[in-house]
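Okay, so here's the structure we're looking at.
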4 protein chains.
Amino acid sequence: MIKIVTGDARPIFKQIVDGIRMQIMTGQLQVGSKLPSVRGLSMQLTVNTNTVAKAYSELLSNGLVESRKGLGLFVIQPKQILSDQERQQRLEKAVEALIHETIGLSFSHDDILQMVKLKFTDLPDGNTD
Amino acid sequence: MIKIVTGDARPIFKQIVDGIRMQIMTGQLQVGSKLPSVRGLSMQLTVNTNTVAKAYSELLSNGLVESRKGLGLFVIQPKQILSDQERQQRLEKAVEALIHETIGLSFSHDDILQMVKLKFTDLPDGNTD
Amino acid sequence: MIKIVTGDARPIFKQIVDGIRMQIMTGQLQVGSKLPSVRGLSMQLTVNTNTVAKAYSELLSNGLVESRKGLGLFVIQPKQILSDQERQQRLEKAVEALIHETIGLSFSHDDILQMVKLKFTDLPDGNTD
Amino acid sequence: MIKIVTGDARPIFKQIVDGIRMQIMTGQLQVGSKLPSVRGLSMQLTVNTNTVAKAYSELLSNGLVESRKGLGLFVIQPKQILSDQERQQRLEKAVEALIHETIGLSFSHDDILQMVKLKFTDLPDGNTD
DNA sequence: GTGGTCTAGACCACG
DNA sequence: GTGGTCTAGACCACT
């Protein structure tokens, strides 16, 4: 179940994208299963239909789902779209963003590392190939 | 030396804030030293003066610098302006943002942790009181 | 209703901040309610939109409102953003400012205290947690 | 002895004005005594001579000192320059400023009142006529 | 010279 | 429609 948080830094459509991606990672949405309809999900989350549509188009262009005309969107076997170099760069950017956000908070490196470990423990490991 | 990157996700004024904050943390700007003037820095970065002024006002409200009227902004002994609760919340948000950005890149938790460690090793430890 | 006074010592954006803060404290703006739009308020006060935007960004960083993208700013349950030490320091500064302004007016301490009591009686008490 | 505080909200010339006014109120500077020279005081406080000159001109126009040509500035018997109405208005303004500064700090009225009492106890009472 | 405030007008992402 | 950012250019108080 996706939760929309009003105080979140991410825009709503991004929260939806991340939420569905998470459901795919954790197996709650398996390959071949159908996403809720745009209208259905927008009502469930009480957000604008345009917002859900935008999220879905993002999932499409990310290659996580495919559109079957007249039937809806379906989760597909994820293609590795990004190059290793691109993935590496994104990881670096993300960690640098973490630095930017935390540098003024006067936490020790260890404080931050512990928090990273803590928050990641509940998540499935990405590299299970 | 601060570099403004137009392709950066951060707005320009935030890049300036982060750049100066970094210079303060790394000791390039010591307590008591004067920041470059608004007009001077804006010319150097070829950015509008208002943009620099906005960055400076952020540093001011963060308690990293103080304004001496008619003279400029000066680095001060950093004050603990935020409550512990607020600091903790911001740390959590920042780490959650890292998760959102890295999920789907199929990195293992260990990959990510190693990158965090790597990027942080060059920085001075925040909690050196 | 906020009134902008051109002869006021406070800059316009501060008058807006104080005005809205007052409306929040007195319950005229309840938690969950929406602030007037930047453009709307700027027209009503015949002030530039940037000025209102600056006031709103201050309220945002004070933790009194949150931004819901595309919808506007909404009053939230106030957070304790500042450390106790910082709050205490600001209180002291504010009282010292009162002293500086009233010294030389040859009021007795009691005159001043009575005025403080009088002006505060109409306001809700801050510490009602 | 006047102390210039760089982090003070008041501009330096105002700190000097207030400092001298305080010395007059507490009797450290008696009627008939001479103020330090502009150059002397500016060196002692390590501030610009223009700044001291500005402070002195303020004291002159406030009727607290008079200029004896070629000799310097001397403290005089204070004339009541302000009308009662004007004094009352200034007191109100000052208290309202206190409200504006403290309203977001979530102190109880009593906290604030206690701080006012505390800070005033060290000062001589204005209304000793 | 310094920062601080304000206006006017523009563009962007989000819903 | 919403807020957020940026530019250009102006005026002010302070040193």
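Protein chains get the first letters and strands the later ones, always in sequence-line order, with residue 1 at the start of each.
- To the nearest 0.5 Å, the span separating CE on M25(B) from CD1 on I99(A) amounts to 11.5 Å.
- Remark: G70(C), L71(C), G72(C) in residues 68-76 of chain C come within less than 4.0 Å of DNA chain F through at least one heavy atom.
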All N/O donor-acceptor pairs, side-chain side in residues 40-48 of chain D, below 3.5 Å, sequence neighbours left out:
unit_1	atom_1	unit_2	atom_2	d
S42(D)	OG	V38(D)	O	3.2
S42(D)	OG	R39(D)	O	2.8
N48(D)	OD1	N50(D)	N	2.8
N48(D)	OD1	N50(D)	ND2	3.3

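- How far CD1 of I81(B) is from CD of E86(B): 12.0 Å, rounded to the nearest 0.5 Å.
- Under the 4.5 Å side-chain criterion, counting only non-hydrogen atoms from C-beta, I16(D) is in contact with I4(D).
- Two residues, I12(D) and K14(B), neighbour DNA chain F, and the one matched to the more 5' nucleotide by heavy-atom proximity is K14(B).
- Under the 3.5 Å distance criterion, with hydrogens and angles disregarded, a donor-acceptor pair is assigned to the side chains of Q28(C) and T26(C).
- Summarising the geometry, atom CD1 belonging to I2(A) is positioned 12.0 Å from atom CD1 belonging to I12(A); distances are rounded to the nearest 0.5 Å.
- Summarising the geometry, the separation between CZ on F13(D) and C1' on dC14(F) is reported as 8 Å, rounded to the nearest angstrom.
- Positionally, the nearest nucleotide of DNA chain E for S57(B) lies more toward the 5' end than for the other of N48(C) and S57(B).
- Looking at heavy atoms from C-beta onward, Y56(A) lies in side-chain contact with P36(A) at the 4.5 angstrom threshold.
- When all heavy atoms are compared, the tightest approach of R87(B) to L105(A) is NE-O, 2.9 Å.
- Among the protein residues, V47(C) comes within range of the sugar-phosphate backbone only, with heavy atoms under 4.0 Å from sugar or phosphate atoms but none that close to a base.
- Under a 4.0 Å N-O distance rule, the pair K14(C)/E101(D) qualifies as a salt bridge.
- Between Q80(C) and S83(B), the shortest heavy-atom contact is O-OG, 2.8 Å.
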Which atom pairs, donor and acceptor, lie under 3.5 Å between side-chain atoms of residues 59-68 of chain B and protein residues at least two apart or in another chain?
unit_1	atom_1	unit_2	atom_2	d
S61(B)	OG	E58(B)	O	3.1
E66(B)	OE2	R68(B)	NE	3.1
E66(B)	OE2	T6(D)	OG1	2.5

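- Remark: P36(C), S37(C), V38(C), R39(C) in residues 30-43 of chain C come within less than 4.0 Å of DNA chain F through at least one heavy atom.
- Nearest heavy-atom pair across V75(B) and Q30(B) is CB-O, 3.4 Å.
- Helical stems in DNA chain E, defined as runs of 3 or more consecutive Watson-Crick or G-U wobble pairs with both donor-acceptor distances under 3.5 Å, are listed by first residue as E:1-14 with F:1-14.
- Taken from OG in S57(B) to CG in L73(B), the straight-line distance is 9.5 Å, to the nearest 0.5 Å.
- Scanning DNA chain E 5' to 3' for nucleotides with an atom closer than 4.0 angstrom to a non-hydrogen atom of chain C gives a first and last hit of dT5(E) to dG15(E).
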